[in-house]
Number of protein chains: 2
Amino acid sequence: MTVTDLTLVPRVEAIALDASAPVACCGPLTRETISADDAEVFARRLKALADPARLRLVSIVAASEGQEACVCDLIEPVGLSQPTVSHHLKILMDAGFLTRSKRGTWAYYKLVPGSLDAAAAPLVTV
Amino acid sequence: MTVTDLTLVPRVEAIALDASAPVACCGPLTRETISADDAEVFARRLKALADPARLRLVSIVAASEGQEACVCDLIEPVGLSQPTVSHHLKILMDAGFLTRSKRGTWAYYKLVPGSLDAAAAPLVTV
DNA sequence: TCGGAACATCGATGAACGTCAATACAGTGC
DNA sequence: GCACTGTATTGACGTTCATCGATGTTCCGA
């Protein structure tokens, strides 16, 4: 790997993905009609969770010590291939539910605090 | 009601009341790992909501008088064809979020009370 | 009885999705 | 340097999904 390689990959989306402060996209659905744009945003979040494998991954991570788990501990429980698990984890990360931190050769995925509550917020009536 | 009736009360009634008494499929995801079966059920519900058009339909119905709306009042706001709207409404009905009642040639869809809260329950940490 | 209106269903089509095998990449230890 | 291990990416394939036009079905009024 050469030095010039570093400048070739601009991660523009890193700015938009401030995963440290999850926010509800909109008010309660029962209060007033959701806008088309908000519906798009909210649907994208729900779609990231609307898969059995991803729900299990989030659940395993969330129920782990420090709400953090290694990929190597996730493959066997969900019963899927390693590339598929990695694929799902990426989707959950892009949606703002998980963050990744590499420690040595291992990758640890951590639940973003409050992200699940923020995703559920528009559904609850309270 | 005779005495013998007591022993013959069919449990089918409880199933029939399912639509009017929504129940969370599982405990909080953060408490303990969700089972494969519960993940399947929960994912199916989320998938029914994870679409911009369906979110808008639910929102319009939920924000209407008596949380009820006619199909004729739903087509124009979402900007989709009538068959497509009918298709989405069926999905929301099958998932237990809406109920339908025909009055004359009109069909009124009503939000099932508590169904949205029940769907969001596994996500909130409380 | 007939025509029209409101809604559901059918059939087709293009896009998105979940999955895996193969491969590439990045660290660790020798 | 080299081999090995853990993880991400790529390419391909079958399935599911959202959408629409055409057609059915049900109900009401003339």
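Order of the sequence lines fixes the chain letters, A, B, ..., with proteins taken first and strands second; residue numbering starts at 1 for each chain. Any value given below was found using the heavy atoms of this structure, including those in side chains, with hydrogens, waters and symmetry copies removed. A quick note: this is a predicted structure, and the numbers were derived from the prediction, not measured.
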>> Test: salt bridge (charged side-chain N to carboxylate O under 4.0 Å, His left out). Region: residues 109-126 of chain B. Which pairs qualify, not counting sequence neighbours?
In response: none
> salt bridge (Lys or Arg N to Asp or Glu O under 4.0 Å) with A:E40: which residues, sequence neighbours excluded?
Replying inline: none
>> Among residues at least two apart in sequence or on other chains, which ones pass side chain to side chain contact (heavy atoms under 4.5 Å, CB included) with A:C72?
In response: A:C70, A:W106
>> My understanding is that only residues two or more places apart in sequence, or in another chain, count here; which of them pass side chain to side chain donor-acceptor pair (under 3.5 Å) with A:S81?
In response: A:T84
> What pairs meet the salt bridge (charged side-chain N to carboxylate O under 4.0 Å, His left out) rule with one or both residues in residues 48-57 of chain B, with sequence neighbours excluded?
Replying inline: none
>> Counting only heavy atoms and a strict 4.0 angstrom limit, can you tell me which residues of residues 33-41 of chain A come near DNA chain D?
In response: none
> Quick one, which residues of residues 48-60 of chain A touch DNA chain C with a heavy atom under 4.0 Å?
Replying inline: A:D51, A:R54
> Can you list the residues that meet the side chain to side chain contact (heavy atoms under 4.5 Å, CB included) rule with A:R100, with sequence neighbours excluded?
Replying inline: A:M93, A:A107, A:Y109
> Tell me: CG of A:D94 to C1' of D:dT9, nearest whole Å?
Replying inline: 13 Å
>> So if I define the base as every atom that isn't primed, P, OP1 or OP2, how would nucleotides 3-14 of chain C read as a B/S/- string at a heavy-atom cutoff under 4.0 Å?
In response: ---SBBB-----
> How far apart are the closest heavy atoms of A:A95 and A:A48, and which atoms are they?
Replying inline: CB-CB, 3.5 Å
>> I'd like to check the side chain to side chain contact (heavy atoms under 4.5 Å, CB included) partners of A:S115; sequence neighbours left out, ordered by chain and number.
In response: A:P22, A:F97, A:L111, A:V112
>> Whole angstroms only, please: what is the CG-C1' distance between B:L92 and D:dC17?
In response: 14 Å
> Among C:dC17, D:dC17, D:dT19, which nucleotide sits nearest the side chain of B:L80?
Replying inline: D:dT19
> Who passes salt bridge (Lys or Arg N to Asp or Glu O under 4.0 Å) against A:K90, sequence neighbours left out?
Replying inline: A:D94
> Taking only residues two or more places apart in sequence, or in another chain, which ones meet B:A69 in a side chain to side chain contact (heavy atoms under 4.5 Å, CB included)?
Replying inline: B:V61, B:S64, B:L74
> Between A:H88 and A:R103, who's closer to the 5' end of DNA chain C by nearest nucleotide?
Replying inline: A:H88
